[in-house]
Structures are given as C-alpha cells and as structure tokens.
Amino acid sequence: MISWETQYELGIKSIDDQHKELVNIINKMAALLIEAKQGVDIYDEVVAVIGDLKKYTIYHFKYEENLFDQYSYEYKDTHKAEHDKLVSDIEELDLSSFDEDQIKHTNDLLKFLITWLFKHISGSDFLYRDLLKGNNVQ
C-alpha cells in the first residue's frame, strides 16, 4: 500500500483529489497482490482494477489537458505525450500473462505505476502548477 504525502500536492484541489484517487486505485491493486500471495486467484479482480485505472487515468489526463489548452501551457505537447504513453502502456498489457503468474505481473505493474505516478507528479505536473494556481484554478 502507498500513502499520499503532502509533498506531492500541487495546491490545486481538483487535481490533488484526482491524484489521490489514482493512488486509491493503485492501492486496490496492492491489496489484491496481498491476496494473491495468500493463494487467492485475483485474475478477474486485477483485470477489473486495470480497467478502472485506465478509465480514471483517461478522465484525469483529459481534465489536465483541457486546462493546458485553456491557459496556453507551453509544454502541453510534451506533457500530453507522457499521458499518451502511459495510456498506451496500460492498453498494451498482456492480461493473459497476469493469469499465468498473478503475483509477478501484478507486482511488476504496481512498481511501474507507483514509480510513474510519483515521478510524473513531482516532475511534469509541478511544471504547470504555478500557471494554474496563478489563474486561480481550484
């Protein structure tokens, strides 16, 4: 399980809340991994969580990208490319491999998502923070 820490807050409530929801979804996957280590078959649940992750990630990215357009964020194309790559990575997951080795593939996906999310927030997202806060985005 991962915890949300204030160091990752942008100070933009709508986006911070969405980031927290992404952490909640990742934590659902972490809880499933614990169950898998106890011998529980988690395949169907992992597939459902991956679906939820994809859907919510797309929603969140569209929200940010609309703000980029609205406030003419100069690095929007680079940022959007990062978003597109993550969505593509999620779409390209070989779900059958999860059924073959649930613990390994769920663990690998968790590590990837946690690293990506916090690196993205503390790097790329912090670059637009001042622009949005300066325009009173809540």
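Residue indices begin at 1 and follow the sequence shown. Quick caveat, the model's predicted, so the values are computed rather than measured.
- Using a 4.5 Å heavy-atom cutoff, the side chains of His79 and Glu64 are in contact.
- For OH of Tyr75, the number of neighbouring non-hydrogen atoms (other residues, nucleotides, ligands) closer than 6.0 Å is 12 at most.
- Here the options are Asp101, Asn107, Asp108, the test is side-chain hydrogen bond (donor to acceptor under 3.5 Å, both in side chains), and the partner is Lys104; only Asp108 passes.
- In this structure, the side chain of Asn135 engages the main chain of Leu131 through a donor-acceptor pair within 3.5 Å.
- Summarising the geometry, atom CZ belonging to Phe118 is positioned 8.5 Å from atom CD belonging to Gln7; distances are rounded to the nearest 0.5 Å.
- With a 4.5 Å cut-off on side-chain heavy atoms, Val47 and Phe98 do not count as touching.
- Interatomic distance, CG of Leu33 versus CD of Gln38, reported as 10.0 Å (0.5 Å rounding).
- Taking NE2 of His105 as the start and CD of Glu100 as the end, the distance is 6.5 Å to the nearest 0.5 Å.
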* Which is it for Val46 and Leu109 under the side chain to side chain contact (heavy atoms under 4.5 Å, CB included) test, yes or no, and what are the steps along the way? -> CA-CA 11 Å; Val46 165; Leu109 180 57; 5.6 Å; no
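- Going from atom NZ of Lys62 over to atom CG of Leu67 covers 13.5 Å, rounded to the nearest 0.5 Å.
- In this structure, Glu9 and Trp4 have side chains that are in contact, with non-hydrogen atoms separated by less than 4.5 Å.
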Side-chain donor-acceptor pairs of residues 10-23 under 3.5 Å, sequence neighbours excluded:
| residue | atom | partner | partner atom | Å |
| --- | --- | --- | --- | --- |
| Lys13 | NZ | Asp17 | OD2 | 2.5 |
| Ser14 | OG | Tyr63 | OH | 2.8 |
| Ser14 | OG | Gln138 | O | 3.2 |
| Asp16 | OD1 | Leu10 | N | 2.7 |
| Asp16 | OD2 | Leu10 | N | 3.4 |
| Asp16 | OD2 | Gly11 | N | 3.0 |
| Asp16 | OD2 | Ile12 | N | 3.4 |
| Gln18 | OE1 | His60 | ND1 | 2.5 |
| His19 | NE2 | His60 | NE2 | 3.2 |
| His19 | NE2 | Asp125 | OD2 | 3.0 |
| Glu21 | OE1 | Asn24 | ND2 | 3.4 |

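- We find the CZ-CG distance between Phe112 and Leu117 to be 10.5 Å, quoted to the nearest 0.5 Å.
- Considering only heavy atoms from C-beta on, Leu113 comes within 4.5 Å of Leu53 through its side chain.
- Under 3.5 Å, the side chains of Trp116 and Glu82 contain no donor-acceptor pair of N or O atoms.
- Tracing side-chain contacts under 4.5 Å through hydrophobic residues (I, L, V, M, F, W, Y), one never reaches Ile34 starting from Ile103; they form parts of separate clusters.
- To the nearest 0.5 Å, atoms CD1 (Ile26) and CD1 (Ile2) are separated by 5.0 Å.
- Using bins of under 30°, 30° to 60° and over 60° for the plane-to-plane angle, the ring pair Tyr73/Phe68 lands in the tilted bin.
- Residue pairs that meet the ring-ring contact (aromatic ring centres under 6.0 Å, His included) test with at least one member in residues 24-56, sequence neighbours left out, are Tyr56-Tyr59.
- Using a 4.0 Å cut-off between a side-chain N of Lys or Arg and a carboxylate O of Asp or Glu, Glu91 and Lys54 qualify as a salt bridge.
- Counting only distance, with no hydrogens or angles, the side chain of Gln102 and the backbone of Ile42 share a donor-acceptor pair below 3.5 Å.
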* Please step through side chain to side chain contact (heavy atoms under 4.5 Å, CB included) for the pair His120 and His83, ending with a clear verdict. => CA-CA 9 Å; His120 183 77; His83 288 171; 3.4 Å; yes
